[in-house]
Amino acid sequence: MIKNSTPMVKITNVHKVFGGTLHVLCGIDLEVNKGETVVILGASGSGKSTLLRCINFLEEPTAGTIEVDGIAINAGENDKTRENHILDIRKKTGMCFQSFNLFPHMTVLENIIEGPVTVLGQKKKKAIVYAEELLDWVGLMEKRDEHPSRLSGGQQQRVAIARSLAMKPKVMLFDEPTSALDPELVGEVVDVMERLAKEGMTIIAVTHEMHFARDVADRVLIMDGGNWIEEGTPEKIFNNPEHKRTRQFLAHIL
Amino acid sequence: MKANTILPGAGGIPPEAQQVLNQIEEKKSKYRRNMIMAFVVLIIFMVTTLIVLGLDFKFMAKWLPFILAGSGYTFLVAFLAITLACILAVVGALGRLSTNPIFNSIATSYVSLIRGTPLLVQVYMWYLALPQIGKALEEFGIPGIQRLLTLPAVPAGILALGVCYGAYMTETVRAGIQSIKIGQTEAAKALGMTSTQTMKRVIFPQALRVIIPPVSNEFIAMIKDSSLVSLMGVWELSYRAIKVGRRHFQSLEMLIMVAFIYWIMCMILQFVQEKIERHMARGDRRIS
């Protein structure tokens, strides 16, 4: 396991309450080190996606602190720098969604250079060079000028990963990236995620893809009812789960 | 498009498949033929009706240039008014979707007030009532305001039409923006885009596709509603036709002629609309 002294992502006592009554996250703590791959498991509705979306503030945490690569934001504070800090955190985190969310009015290449050009203000030429490298890396060079609607789900998700990587993020968040895919297309996406992990990317993934959790993750966390009930190495979680709920959950999905 | 293009990798189309393909092709050409025939019959019917009515074509030809000269006003008013309407619609839609209470309430009352009153009343408001407001303000102590608010007919017409259509189109634009899935906003935000960048780069270009057909509709309606400026004595298309028709007691000829001119103008617009729509639909998977 690769360990580094300062955590890349540090979540402290995060709560999320929806609509004043629905307590989805109940005081979550999490530290993820640089280069670490963490997989979050849990039944649907347990709050995994919400936690992931709190990290880049697509969801505003109701309480607690989120820190990414040294930028910390408190849920309560509301000063002028807050908006900029949120944008900074988003620039440092890439996110892949269950439904890909590629921009349908742009070609594959345009999708990938959109972030660097619009957000980072890069020159188009420079952005294209790196975008082509990424396209090559995810194996979709020949789809460069296609629109997303012409691509299969697996291809779309790989483009979405390339789009996130174009921002040179420090952390990648995967929110059930293979759940919307036909079974035969899951492999190509997991393969890309695995290579990303091997190249030292810090990854937090919510996924039901057991191969990824078992063989690629450094650490697996089980969430239930808005908090962790168990965490450990994949070997420990899969072979020797302590908690009854963990055993129940694993029995369901394995 | 053509059914008998050779498919890649196919060694040859089996005869029974070819038969089905031929049937499909035959059906298509039959449909096209019937369509053309239907149109031809319709046109013959219209032309015969015109002849039976005993229209004075010489009279029509004589006055055509004079009537057509009014189309400049029609286009000027419609074009400037639709430009104004588009600007108001975008600003209005952003207001309707805004969380800023002042901006939002202004946009909401604008739409409600304008949609809730007749265009005819609004035209007179701009033309006849506004100077009176100016007079009151002038007496209140703002010098020169009455002159400023006393609008000539054409600007008053453009403002009336633009503001009115802007209110209707606000709702069109708002609906278009709201039709874009939340995932698009989330993806843009996740990349680090600001709200403005998200709207400009991701949401609006996609909303535009949804908005174009209803906006073209509005534009076509506007071309015809531009005749309302004749109420203020502007010598545009319909005003000229009505005047000439009345004076020579040949209103039928003039009205039919002016109707045709409007129709042709709208057909041109419809053609442009189809071009734009096709351009925007590129990269789309669609029903063929």
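Residue numbers start from 1 in every chain, and the chains themselves are labelled A, B, ... in the order their sequence lines are given, proteins ahead of strands. Side chains included, hydrogens not; waters and symmetry mates left out as well; all remaining heavy atoms used.
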Item to complete: Select one option (side chain, backbone, both, neither) describing which atoms of A/Phe97 are under 4.5 Å from chain B's heavy atoms.
Response: side chain
Worksheet item: Do the side-chain N and O atoms of A/Gln157 and A/Thr178 include a donor-acceptor pair separated by under 3.5 angstrom?
Response: no
Worksheet item: A/Ser99 versus chain B, heavy atoms under 4.5 Å apart: side chain, backbone, both or neither?
Response: neither
Practice prompt. Could I get the full list of salt bridge (charged side-chain N to carboxylate O under 4.0 Å, His left out) partners for A/Glu188, not counting sequence neighbours?
Written response: A/Arg158
Show every donor-acceptor pair shorter than 3.5 Å between a side-chain atom in residues 75-102 of chain B and any protein atom, with sequence neighbours excluded, or say none if there are none.
residue	atom	partner	partner atom	Å
B/Thr83	OG1	B/Phe79	O	2.7
B/Arg96	NE	B/Glu171	OE2	2.9
B/Arg96	NH1	B/Thr108	OG1	3.4
B/Arg96	NH2	B/Glu171	OE1	3.1
B/Arg96	NH2	B/Glu171	OE2	3.3
B/Ser98	OG	B/Asn100	N	2.8
B/Asn100	OD1	B/Ile102	N	2.9
B/Asn100	OD1	B/Phe103	N	3.4

Side-chain polar contacts of residues 123-139 of chain A - donor-acceptor pairs under 3.5 angstrom, sequence neighbours left out - could you list them?
residue	atom	partner	partner atom	Å
A/Glu132	OE2	A/Arg144	NE	2.7
A/Glu132	OE2	A/Arg144	NH2	2.9
A/Trp137	NE1	A/Glu199	OE2	3.0

Discussion item. Going by side-chain hydrogen bond (donor to acceptor under 3.5 Å, both in side chains), B/Asn22 matches just one of B/Glu26, B/Gln18, B/Glu25. Which one?
Written reply: B/Gln18
Discussion item. Would you say OH of B/Tyr73 has more than 12 non-hydrogen atoms from neighbouring residues, nucleotides or ligands within 6.0 angstrom?
Written reply: no
Item to complete: Kindly say whether B/Pro214 contributes a backbone atom to a donor-acceptor pair with the side chain of B/Glu218 at under 3.5 angstrom?
Response: no
Item to complete: Sort A/Arg53 into side chain, backbone, both or neither according to what part of it lies under 4.5 angstrom from a heavy atom of chain B.
Response: side chain
Worksheet entry | Proximal to chain A - members of residues 190-198 of chain B, heavy-atom separation under 4.5 Å | B/Ala190, B/Leu191, B/Gly192, B/Met193, B/Thr194, B/Gln197
Item to complete: Mind checking the CE-OG1 spacing from A/Met8 to A/Thr202? Nearest 0.5 Å is all I need.
Response: 4.0 Å
Item to complete: Check whether A/Leu102 gets within reach of chain B through its side chain, its backbone, both or neither, counting any heavy atom under 4.5 Å.
Response: backbone
